[in-house]
Each structure stands twice: as structure tokens, then as C-alpha cells.
Amino acid sequence: MIDRQQLRRDFEGLQAAIARRGSEVVAAGSAWARLAELDARQRELKTESESQQAERNRASKAIGMKRGKGEDASAEIAAMGEVSKRVKELDALSKEAEAEFAAALLEVPNPLHASVPDGASEEDNVEISVWGTPRSDEVPAHWDIGTDLGILDFEAGATLAGSRFTVIKGAAARLERALMQFMLDLHADKHGYEEVWVPAIANSKTMTGTGQLPKFADDLYKLEGEDQYLIPTAEVPVTNLYQDKILDISELPKRHCAYTPCFRREAGSAGRDERGIIRQHQFDKVELVHITTPERALSDLDELVSHAQAVLEALELPYRTVKLCSADVGFSSQLTFDLEVWLPSQNCYREISSCSSFGQFQGRRAGIRYREEGGKPQPVATLNGSGLAIGRTLVAILENYWQEDGSVRIPAVLQPYMGGMQVIKAS
RNA sequence: GGAGAGAUGGCUGAGUGGCCGAAAGCGCGCCCCUGCUAAGGGUGUAUAGGCUAAAACCUAUCGAGGGUUCGAAUCCCUCUCUCUCCGCCA
């Protein structure tokens, strides 16, 4: 969420940064367009309400003192009835205005960082670097490789749950587990992250803290009759570990890695990636989360990206790094780099990690603050990135390590996690 | 699921209707004294908002939301969470 003081100080500047996402974001009637007026109205009502409350407090105190001395205060008490009534009315109005403003504020996206390139769609994302050499021979799609090897069972997934669910079997199931362990070990042991294990369910406050709510409720699975949702990413519970906390600056930066399952309704993506396991309602992911200071946000983002890249490099999977353009940066993010892995069957790079800096946007929403020596608390900066999405990593391995005889080699770094297995062959 | 207890500032913990934003202690900051190995004295120390050049000041916050009252940390209702016991359960 944006800074309320800044809203008053630099309305034009903020508007320009937000409008880069698309003119509809600041169009007439949008939350942004209503914000300044709601802010002014709220303060006006609040000021009026507060002056009445001050009046009431003064009079009450006087009554108390008279009573204390044993004097009669019935005249003052009678006069107070009217004031109290007004206080209640004004307070109700003020609270209503406050709620309206707060609701609008939550709908406004993060202003983009100046370095985000302009663009109209993901086509305009900018390639930053390329690593590895993509194989150029004909490779079957991972769903065929997996089916032939008997390690991916799409029918079983559909039977058990529905479309976009898959049963992973045998060596692939173990590979899923191996990837999880390998990634966590890498980040915890080599990159200095503290591993956490968190709930895969979060309440609405937590979902609001990182920006999934209120705008993107349609993308989430909600538990019936509960104020709870299945998490779409570990970002939600891990970042919110510190919600409403004031951290000492000496505790920053905090860096956590976490494995969680992720659940997404994929509303609006009907028809996209229907086949295979690239776009599932449930998938596994190892996530990296940084809680840091605003000054460090951008340099920390570079580090975070390098940590995600390290996974792909260790697995020897060709990939490229792109900087998302203004049209593609997510609601809560100010700046995002995607890592895209090479999928030979599709002859293109596909997203496997998304690393973002949120600036103080989430820190403000979630009430995560830090205090400098002698200073006032201020919102932390948050970052996160996939390190990596495990299902898609599995896809990348199946395709990039596929061999003419239909078997799939196991990347060297994973073999210890696979009980020494080197190749997945049809049984 | 049943029964009971509880939720107060960074922490511990007082406070059952009015000079209580809240005693005391701990911790921490600053100052002083002292100097012989760790102690004494003083003082300050919540968050948010409003108004300010800045203060002063004003308002709110004692788990959350409602209510009673001239006035609520304190009384009433609802909810959430924590703890203990019982039941059930991986």
C-alpha cells in the first residue's frame, strides 16, 4: 500500500508511477481517483469528531473532580448528554470515512520502480541475460515423456480431483522430493537462509498483508465457512511471520527459505497450458523471502535473483533472465525479474521463477516495521522469489535431460538425493 | 467437541467506574558519582493520527467488535486467540 503522507505530498508523482501500469488503473472512478477526496473527507470528519471528544473528556474530568469533593454535579451531567450524543454520531461518520479510505487504499497497486521498462504486454519484457545452451533437437513434450515412462498420470489426477491435477509416480515422485530437498539445502547451507516450515492455510488478514486480498479473491481457494484460504505461494505466510511487529534494525535483513504446496484457482486462464503439469491447481515450490531496509531493497533483489539462478545452474538447465515491463509487473511488486527455463518441446523459455521487490508496499500493509537507532518505526522492504517452482523444474528436467531411447538422465547434483539413480527408464 | 482460566507497554506484572496511557520491576538510552571488577544515584524510554516551522497541545489504542454510563483497562454482550483438564485423533 502506498504511503498516505506521500499521497498528499506528491500526488502527481505517484499517479504517474501508477498510471504506467495502464490508464485504467487511474481512470475516473478507480480506487486511485477517489483516494485524495476520501483522504480529505476522512481527516475533516476525524478532526471534528476529535474536538467533540476533547470537549467530552474535559467535562467528564470536571464532573469527576466535583464528585470527588462531594459536590453536586447534576447540572454538568445533564449538559453532557448532548455532547455525548454528538460524539457518537461524529465518531460513526468518521469511522465510516476511515473504512472507505482504507478500502480504496488496498485497491491501489504499488507504484512502479523507475527502472521498469515500458511495455504493453509480456512481449515487451526485456531480456537481461542468457545462461547455457539450449538443445535444438526434437524433444517430445514432458507429458508424453512422463506418460511413456509411467511416471505422470493425468487421468488419475483428474479422477481424484479434477482438471489441472496430476498424480506423479515412481522416480518422478522421488524427483519431486529430491528437488525440494536439494533446493532447501542449497539456500539454507550455501546462501544463508533460515529455513521455515509454515501453514499452507492463511486467514484474510494475512492474505491482505501481502496483497492477495482484497483484489484477487477469485484466484484463491477459500475454505467453506471459514475466514481461511489455501495459500497461493509461501510468500504469504513467510512474509507475514512478522506482521504487526517492530524489528530492530540489527535483525535485518531476515532471509527465509520455505517449501510449501501452492494452490491457485487459475481463474481466467482456461485453455492455457491445459496439458501437462506446467499450470496446475496445486504445485510445490521453494520460496525465498527477504525482509530488509528500503535502501537495500534493490541490491538485495540482485542477490535474491542470483540465488534462484544458482539452482538452475546447479541443475544445468539453460535459462534466461528477463526484466518484466510495466504491463507485466504484479500488483504488489515495484520491480520484477523472471527466470525462464528452456523447454525444448515448446522451443521457448518458460517462467520458472519470479523475483520481486515490493519496496515498503507489503511492509505497510502487513504492519511490518523496523526501528533504527533512536528513530521512529518505519515499514520494512520485502522481497521474494521462487527458488524454484518444483513442478516446472521437473518438466524442465524431463525435457532437457531426455534421451533418444526415451529415458531421462538425472542431473548430477540430484543423484545423491535419488539414492544414486542416474537414469529414469521405463520399467 | 465439553469444562475451566486467561489476554495490560520491548518483557514481567499491578490496577473492578473518574487527575490511569496506565504503579512497580526488568531491559534499554542519556547524565552523574565511584573506581577495583562490577555497583550506586538521577533522568528518560509505547504506537498511530491531527495541528505545528518545531514544540506545546488534542484524539485514539489495556486481544477485536458492539453496548451500558456524563465518564470504561475496570461493568454487560459477541467474537478471536492462548493455557489447563476431559474426549477424539495422525
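Reckoned from all heavy atoms, side chains included, excluding hydrogens, waters and symmetry mates. Letters A, B, ... mirror the listed sequences (proteins, then strands); counts begin at 1.
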Do the side-chain N and O atoms of A:Tyr259 and A:Gln181 include a donor-acceptor pair separated by under 3.5 angstrom? no
Please compare A:Gln5 and A:Pro377 by the position of their nearest nucleotide in RNA chain B and report the one closer to 5'. A:Pro377
With P as the reference atom in both, quote the distance from B:G1 to B:A14 in angstrom, rounded to an integer. 32 Å
Taking the P atom of each, how far is B:C86 from B:U47, in whole Å? 44 Å
For B:C62, give its Watson-Crick or G-U wobble partner with both distances under 3.5 Å, or none. none
Heavy atoms under 4.0 Å, any strand shown: does A:Arg8 hit a base, just sugar-phosphate, or nothing? sugar-phosphate
Within the 4.0 Å heavy-atom criterion, would you say A:Arg369 contacts the bases, only the backbone, or no part of the nucleic acid? sugar-phosphate
Given the side-chain rings of A:Tyr370 and A:Tyr242, with only the six-membered ring counted for Trp, is the space between their centroids under 6.0 Å? no
Looking at every strand, decide which applies to A:Asn57 at a 4.0 Å heavy-atom threshold: base, sugar-phosphate, or nothing. sugar-phosphate
Indicate, with a heavy-atom threshold strictly under 4.0 Å, whether A:Ala59 touches base, sugar-phosphate, or nothing. nothing
Go through it in stages, so that I can follow the logic: the residues are A:Ser332 and A:Asn110, the test is side-chain hydrogen bond (donor to acceptor under 3.5 Å, both in side chains), and I'd like the CA-CA distance, side-chain angles, deciding distance and then a yes or no. CA-CA 5 Å; A:Ser332 299; A:Asn110 199 352; over 6 Å; no
G-U wobble or Watson-Crick pairing nucleotide for B:A56 (cut-off 3.5 Å, both distances): none
Opening and closing nucleotides of RNA chain B in contact with chain A, under 4.0 Å to non-hydrogen atoms: B:G18 to B:G71
P-based separation of B:G13 from B:G65 [nearest Å]: 25 Å
Identified pairing partner of B:G17, criterion: Watson-Crick or G-U wobble below 3.5 Å: none
Does NZ or CZ of A:Lys323 fall inside the cone over A:Phe337's six-membered ring, less than 6.0 Å from its centre and within 45° of the axis? no
Do A:Glu287 and A:Thr260 get their side chains close enough for a donor-acceptor pair, meaning under 3.5 Å? no
Taking the same atom, P, in B:G25 and in B:U43, what whole-Å distance lies between them? 12 Å
Any donor-acceptor pair under 3.5 Å from A:Arg34 side chain to A:Gly29 backbone: yes
Checking base pairs now: Watson-Crick or wobble, both atom distances under 3.5 Å. What partners B:A39? none
Mate of B:U84 across any strand shown (Watson-Crick or G-U wobble, both atom pairs under 3.5 Å) is B:A3
What is the pairing partner of B:U34, taking Watson-Crick or G-U wobble pairs with both distances under 3.5 Å in any strand? none
Distance check, P atoms only: B:U84 and B:U78, in whole angstrom units. 25 Å
Heavy atoms within less than 4.0 Å of RNA chain B: which residues of residues 77-94 of chain A have one? Give them sorted by number. A:Ile77, A:Met80, A:Ser84, A:Lys88
Can you establish whether the number of heavy atoms outside A:Glu100 located under 6.0 Å from its atom CD is more than 12? yes
Considering every strand shown, what is the Watson-Crick or G-U wobble mate of B:A73 when both distances are under 3.5 Å? none
Can you tell me, in whole Å, how much space there is between the P of B:A7 and that of B:C75? 11 Å
Side-chain (A:Asp219) to main-chain (A:Arg265) donor-acceptor, under 3.5 angstrom: no
Is the closest side-chain donor-acceptor distance between A:Glu155 and A:Thr159 under 3.5 Å? no
Go ahead and name the base partner of B:G44; Watson-Crick or wobble counts if both distances stay under 3.5 Å, otherwise write none. B:C28
Counting N and O atoms only, with roles assigned by atom type, does the side chain of A:Arg264 sit under 3.5 Å from a partner on the main chain of A:Thr233, one being a donor and the other an acceptor? no
Rounding to an integer number of angstrom, what distance separates B:C31 and B:A23 when you compare their P atoms? 25 Å
Rounding to an integer number of angstrom, what distance separates B:A55 and B:C77 when you compare their P atoms? 44 Å
Relative to A:Phe101, does A:Arg4 satisfy both conditions: NZ or CZ under 6.0 angstrom from the six-membered ring centre, and within 45 degrees of the ring's axis? yes
